[in-house]
Amino acid sequence: MIGIRGIVLFFLIFSLSIFSQPLRIALDEDYAPFSFYDENGNLIGISVDFWKLFSEKTGVEVELVPVKWYRAQELLVEGKVDAIDQIFKTPEREEIFSFSRPVFEMRSCVFFRKDLPIGDFSDLSSYVVGALRGEGAVETLRRKNPDVEFEFFDNYSSIVKALKEKKISVFLGDDIVARYYLSKGDILPEFRTLHLETNYLHVAVLRDNESVLSLINVGLSRISERERNEIIRNYIPLALVTPPWLLRVVFYGTSAFAIAFGIALSFIYLLKRKVEERTLQLREANEELKAQNEEIEALYQEVSANQEELEKLYGEIRELNERFRESVKRMAKLVFIEDKSRFSFEVGQIVKYLLNVKDLKVILDDRTPEKVEGAVFEISHSGEKRGYIVLEDDLSEDEKGVLKSLLTIVSAICTYRKLINRERKLYRDIVKTWVKALEYYDYYTKGHSEEVAYYAVEIGKMFGLDDEKLEKLYWAGLLHDIGKIYVPQVVLNKTNKLDEREFGLIKIHPVKGYELVKEIDGFEDVAIWIRHHHERWDGKGYPDGLKGEEIPFEARILCVADSYQAMRSDRPYKRGKSVEESIQELRRNAGRQFDSAIVEKFIEFLEGGGDLGTGHRG
């Protein structure tokens with residue numbers, strides 16, 4: 001559907017083409033290749049061809065007025081022409097003129113001979129760069145390389161002459177104009193370019209002369225980019241120039257090829273003779289190979305029989321090896337079994353699986369059995385006895401070797417378990433000492449940490465956390481308030497509302513707890529959970545203002561457990577809430593203070609009778 005503006009422009013063009021005077025365009029009469037006189041005195045050039053095409057596309061008669069450049073602008077101001085052709089847009093000119101859409105793209109480039117080692121503008125410091133006097137792109141190039149030295153010329157013909165005389169090898173110019181003069185001087189193929197900046201040539205009319213400007217823009221829109229490029233190519237030929245040295249290369253190359261071809265024919269003939277001789281020799285050798293092949297076939301039958309036996313043996317070894325690998329994987333789980341009888345049972349099951357035996361006895365005792373029926377295998381490592389395996393089945397030497405290796409690993413696991421138990425006991429003692437110290441320091445925390453630890457572990461179980469995570473969650477529950485030893489007792493034991501400064505002191509305890517606990521080897525993640533157990537789901541908690549799932553999952557569990565225990569506990573300034581009241585409080589703050597999923601699971605636990613029911617002070 002044609003718009004109103006399009007209809008107006010259509011009638012504008014139509015009316016001008018029928019009734020108006022010709023569209024008078026002033027152009028520079030000495031601006032090759034855009035407009036210049038040929039040897040017969042005819043005005044030719046890119047602009048002349050362009051305006052002819054413009055007239056054909058629009059039906060508007062165009063009269064070209066060739067003048068000196070300075071006079072073109074005077075004529076436009078005096079109203080003697082309608083527009084100026086091929087003019088650059090500047091802020092000063094925009095105060096007087098209105099400009100059409102771009103007519104031609106004019107790129108400013110640095111031209112240099114192809115044999116020069118120039119890769120970018122920094123390489124121009126070693127050369128004198130030719131340029132027209134008053135060329136605006138000179139300052140642009142100086143900004144890119146202040147060290148460039150210029151030699152100025154009055155016109156492009158002078159620059160081309162200096163290039164031919166080898167006085168300069170580099171010059172700055174507008175791409176289309178420079179290529180025209182280089183082509184005219186038959187030296188265009190010798191040059192390459194560095195693109196400096198891009199400007200555009202426009203048609204200018206007097207400011208606010210919208211009717212003429214609209215007419216020109218409509219005509220410009222009807223001339224395609226391909227048509228513009230064809231006009232430019234009429235004045236800047238793209239034909240390749242073949243240098244004389246290339247002809248010499250082609251001549252000598254052709255001669256060399258002819259000689260090489262003759263040598264190749266001779267070589268092929270000799271090669272044919274050689275192939276015939278070798279074919280005869282191969283036939284004789286083939287007969288010998290047939291005889292040898294019969295001998296090899298008989299030998300192969302013998303090897304095949306041996307191969308079957310070896311594969312059977314390999315299969316048995318591979319099966320034993322697979323069972324050994326699986327047994328080692330199962331043994332890795334023994335580290336976490338504290339019960340001695342269960343440990344013995346699991347070791348027995350692994351040995352039965354490994355050796356396909358039915359009856360065995362596992363004795364985890366360093367005393368030598370006095371009287372047993374069957375073979376006794378010692379569980380020992382580094383000279384320290386851990387126990388014995390008693391087997392009634394007979395084992396092969398390979399199976400005995402595998403069993404001894406397995407029992408060495410079992411012994412090492414026993415040693416490791418012993419160290420782990422000692423380490424766990426040490427951690428428990430340290431933690432209990434810290435908790436006792438906190439209870440002496442802050443009376444109202446007595447019993448609080450144990451209950452928080454209990455609730456946290458029960459929540460963790462409902463989410464399927466593994467034993468290692470549950471154990472660490474237990475320690476985190478015991479230690480979550482240990483940082484309160486850095487808070488003054490007068491603040492901890494205050495019975496009325498805390499002021500802003502006092503609450504600020506309370507808020508340091510998660511950070512201090514984190515700093516204390518992170519020093520325990522293996523408790524780094526426990527320390528992180530302690531640091532964030534007062535963060536809120538809505539991001540309004542402390543100390544770091546974490547929000548939603550930014551808060552570690554275990555810290556979110558501690559937050560719910562800690563808050564519930566505080567609701568249930570009596571304090572001098574309040575009575576503890578009932579289970580039902582506490583559940584209501586949890587639901588009210590789900591999605592704000594607490595993770596809703598954790599609250600939902602914990603309420604399910606409480607409604608199943610999980611509350612400790614103490615209601616003690618603390």
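Every value quoted in this text rests on a predicted model; they were computed, and no experiment measured them.
- Annotation: side chain of Thr198 is not in contact with side chain of Met106 (no heavy-atom distance under 4.5 Å).
- More than 12 heavy atoms of other residues, nucleotides or ligands shown are found within 6.0 angstrom of NZ on Lys114.
- The shortest non-hydrogen separation linking Ile528 to Pro552 is CG2-CG, 3.9 Å.
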Checklist entry - Could you go step by step and tell me if Tyr486 and Leu505 meet the side chain to side chain contact (heavy atoms under 4.5 Å, CB included) rule? => result CA-CA 9 Å; Tyr486 288 92; Leu505 292 173; over 6 Å; no
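- Counting all heavy atoms, side chain and backbone alike, Ser125 lies closest to Asn145 at OG-ND2, 3.0 Å.
- Side chains of Tyr455 and Asp611: a donor-acceptor N/O pair is present below 3.5 angstrom, by distance only.
- Between the side chains of Asp481 and Ser449, no donor-acceptor pair of N or O atoms lies under 3.5 Å.
- Contact record, Phe463 with Ala597: CZ-O, 3.7 Å, taken as the closest heavy-atom pair.
- Using the six-membered ring where Trp is involved, Tyr200 and His202 have ring planes that are perpendicular, over 60° apart on the 30 and 60° scheme.
- Tested against His480, the residues His448, His534, His533 include a single side-chain hydrogen bond (donor to acceptor under 3.5 Å, both in side chains) partner, His448.
- The backbone N or O of Leu546 lies less than 3.5 Å from a partner atom in the side chain of Glu535, making a donor-acceptor pair.
- No donor-acceptor pair under 3.5 Å is formed between the side chain of Ser582 and the backbone N or O of Tyr564.
- Between Thr193 and Cys109, the shortest heavy-atom contact is CB-CB, 4.1 Å.
- The six-membered or imidazole ring of Phe594 lies away from that of Phe602, with a centre-to-centre distance of 6.0 Å or more.
- Arg556 places a side-chain N or O within donor-acceptor distance of the main-chain N or O of Ile551, the cut-off being under 3.5 Å.
- Taking a 6.0 Å sphere around CD of Glu600, one finds it holds 12 or fewer heavy atoms contributed by other residues, nucleotides or ligands.
- For Arg228 (side chain) and Val103 (main-chain N/O), a donor-acceptor pair under 3.5 Å exists by modelled atom type.
- A salt bridge between Asp544 and Arg531 is present, with a side-chain N of the basic residue lying under 4.0 Å from a carboxylate O of the acidic one.
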Next on the checklist: I'd like to know whether Val560 forms a side chain to side chain contact (heavy atoms under 4.5 Å, CB included) with Asp595, so could you lay out the CA-CA distance, the side-chain angles of the two residues, the decisive distance to 0.1 Å, and finally the verdict.
Outcome noted: CA-CA 8 Å; Val560 172; Asp595 182 338; 5.8 Å; no
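- Between Leu558 and Ala456 the shortest heavy-atom distance is CD2-CB, 4.0 Å.
- Side chain of Glu139 to main chain of Gly136: no donor-acceptor pair is present (N/O by atom type, distance under 3.5 Å, no hydrogens or angles).
- Annotation for Gly522 and Lys472: closest pair O-NZ, 3.3 Å, computed over non-hydrogen atoms.
- Remark: side-chain polar atoms of Asp562 are not paired, donor with acceptor, to backbone N or O of Val452 under 3.5 angstrom.
- With a 4.5 Å cut-off on side-chain heavy atoms, Phe553 and Ile598 count as touching.
- In this structure, Lys469 and Glu554 have side chains that are in contact, with non-hydrogen atoms separated by less than 4.5 Å.
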